[in-house]
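Each chain gets a letter, A, B and so on, in the order its sequence line appears, and its residues count up from 1.
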There are 2 protein chains.
Amino acid sequence: MEIDLAPAQEGTERSQGDTHVTAAIEAVGACQAVTDMLSRVGDKWSMQVVMKLGEQSRRFNELRRIVDGISQRMLTRTLRNLERDGLVSRTVTPTVPPRVDYALTPLGRSLWGPVAGLSQWVLDNRGRIESSRAAYDLREED
Amino acid sequence: MEIDLAPAQEGTERSQGDTHVTAAIEAVGACQAVTDMLSRVGDKWSMQVVMKLGEQSRRFNELRRIVDGISQRMLTRTLRNLERDGLVSRTVTPTVPPRVDYALTPLGRSLWGPVAGLSQWVLDNRGRIESSRAAYDLREED
DNA sequence: CTGTATCCGTGGTGATACTG
DNA sequence: CAGTATCACCACGGATACAG
């Protein structure tokens with residue numbers, strides 16, 4: 001199954017093969033799963049952690065330092081969730097003091113592509129969004 | 001570090017060469033903005049509404065019916081947020097009873113591509129994620 | 001029909017203290 | 001170092017009633 005990544009902007013002719021239309025419909029049908037994943041990955045910390053681990057493998061307190069503002073509790077929870085979803089691997093070295101390394105799994109790395117696409121969109125359109133917000137808020141302030 | 005922005009949108013013309021690597025690095029730098037947008041769009045209802053409006057323009061109660069389980073309050077709030085961000089347009093026809101049509105703006109439609117990329121990833125990997133969760137939960141249940 | 005206003009439970013988040 | 005445990009706060013979301 002494949003989804004057309006350049007959906008009808010304007011008068012795009014989708015007449016030809018309805019394959020991607022079907023796929024899009026299926027995608028809409030599975031939009032609950034997509035939404036779920038978006039909120040999993042779109043929570044306050046997951047994406048930042050994934051991005052940091054995308055650079056390289058990290059230890060716990062290393063992450064704690066470079067993920068700005070995260071609490072120990074939230075880092076633990078975030079990592080546990082990512083591990084549960086199979087996006088991050090946790091490797092314990094039973095030395096003393098203990099050493100735990102976190103890294104992206106292949107599945108976690110494969111998420112990077114789609115996320116990068118979305119990141120690019122945000123970068124490209126952040127200005128427009130902020131302008132729109134400013135204009136909207138201006139209209140509302142009476 | 002090799003990042004492939006495979007689902008390159010039509011509109012975005014990055015010159016060439018290692019531009020996308022640069023973009024990726026910038027993406028990491030702007031990960032806060034990306035995270036913000038992910039949680040905006042990854043909330044409980046936004047994506048479903050965007051997808052429904054991606055099919056066609058809709059009226060308020062029309063959306064209320066087809067977006068399964070959404071409350072009136074949440075639909076209003078979701079639409080207001082999307083409108084504020086410039087992703088959705090709101091057209092009031094001052095008849096009686098009033099008629100309000102919601103539609104995706106060009107900006108809103110441009111979001112479809114990246115989101116479809118992510119959707120595809122979710123569809124492709126949902127099974128793996130669920131397996132991973134099941135395995136994880138099995139290990140934890142003692 | 002298309003909203004706004006209000007109340008309220010739940011869960012996500014941070015701060016802090018403690019443990020192996 | 002790498003967590004767990006506990007408490008308190010508050011934003012999110014649902015239900016309901018009301019309004020233009």
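In this structure, A:F60 atom CZ and C:dG20 atom P are separated by 18 Å, rounded to whole Å. If you measure from atom CD of B:E83 to atom P of C:dT2, you get 15 Å, rounded to the nearest angstrom. The interatomic distance linking A:R99 (CZ) with D:dA2 (P) rounds to 8 Å, in whole Å. Rounded to whole Å, atom P of D:dT4 lies 5 Å from atom CZ of A:R80. If you take CG of B:L79 and P of C:dG3, they are 8 Å apart, rounded to a whole angstrom. One can place CG of A:D68 at 15 Å from C1' of C:dG14, the figure rounded to the nearest angstrom.
Contact annotation: A:R90 side-chain N/O to D:dA2 OP1/OP2 distance is not under 4.0 Å. OP1 and OP2 of D:dC1 both lie 4.0 Å or more from every side-chain N or O belonging to A:Y102. Between A:R65 and D:dC1 there is no side-chain polar atom (N or O) within less than 4.0 angstrom of OP1 or OP2.
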Pairs: protein N or O with nucleotides 13-20 of chain D N or O, under 3.5 Å:
{"unit_1": "D:dG13", "atom_1": "N7", "unit_2": "B:R73", "atom_2": "NH2", "d": "3.4"}
{"unit_1": "D:dG14", "atom_1": "OP1", "unit_2": "B:K44", "atom_2": "NZ", "d": "3.0"}
{"unit_1": "D:dG14", "atom_1": "OP2", "unit_2": "B:W45", "atom_2": "NE1", "d": "3.4"}
{"unit_1": "D:dG14", "atom_1": "O6", "unit_2": "B:R73", "atom_2": "NE", "d": "3.3"}

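Shortest non-hydrogen contact noted between B:L118 and A:L118 is CD2-CD2, 4.2 Å. The two atoms that bring A:A33 and B:V122 nearest to each other are O-CG1, 3.9 Å, heavy atoms only. Scanning both residues, A:M51 and A:S119, for their nearest heavy atoms gives CE-OG, 3.8 Å.
Contact annotation for A:N61: backbone-only contact, meaning every heavy-atom pair under 4.0 Å involves sugar-phosphate atoms and none involves a base.
Between B:D85 and A:R128, no side-chain nitrogen of the basic residue sits less than 4.0 Å from a carboxylate oxygen of the acidic one, so the salt-bridge criterion is not met. Contact check on B:D137 versus B:R139 returns no salt bridge, with no Lys/Arg side-chain nitrogen under 4.0 Å from an Asp/Glu carboxylate oxygen.
Of the possible donor and acceptor atoms, none in the side chain of B:S39 sits under 3.5 Å from a partner among the backbone N and O of B:G42.
When side chains are defined from C-beta on, B:L104 does not count as touching B:L87, because their heavy atoms never get closer than 4.5 Å. Between A:W45 and A:R77 the shortest side-chain heavy-atom distance does not fall below 4.5 Å.
Defining each end axis of the helix from C:dC1-D:dG20 to C:dG20-D:dC1 as the rotation carrying four pairs' C1' atoms onto the next four, with five pairs an end, the two axes are found to diverge by 40° to 10 degrees.
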Checklist line | Working for side-chain hydrogen bond (donor to acceptor under 3.5 Å, both in side chains), residues B:R90 and B:Y102 | finding: CA-CA 5 Å; B:R90 179 172 180 270; B:Y102 292 94; 3.2 Å; yes

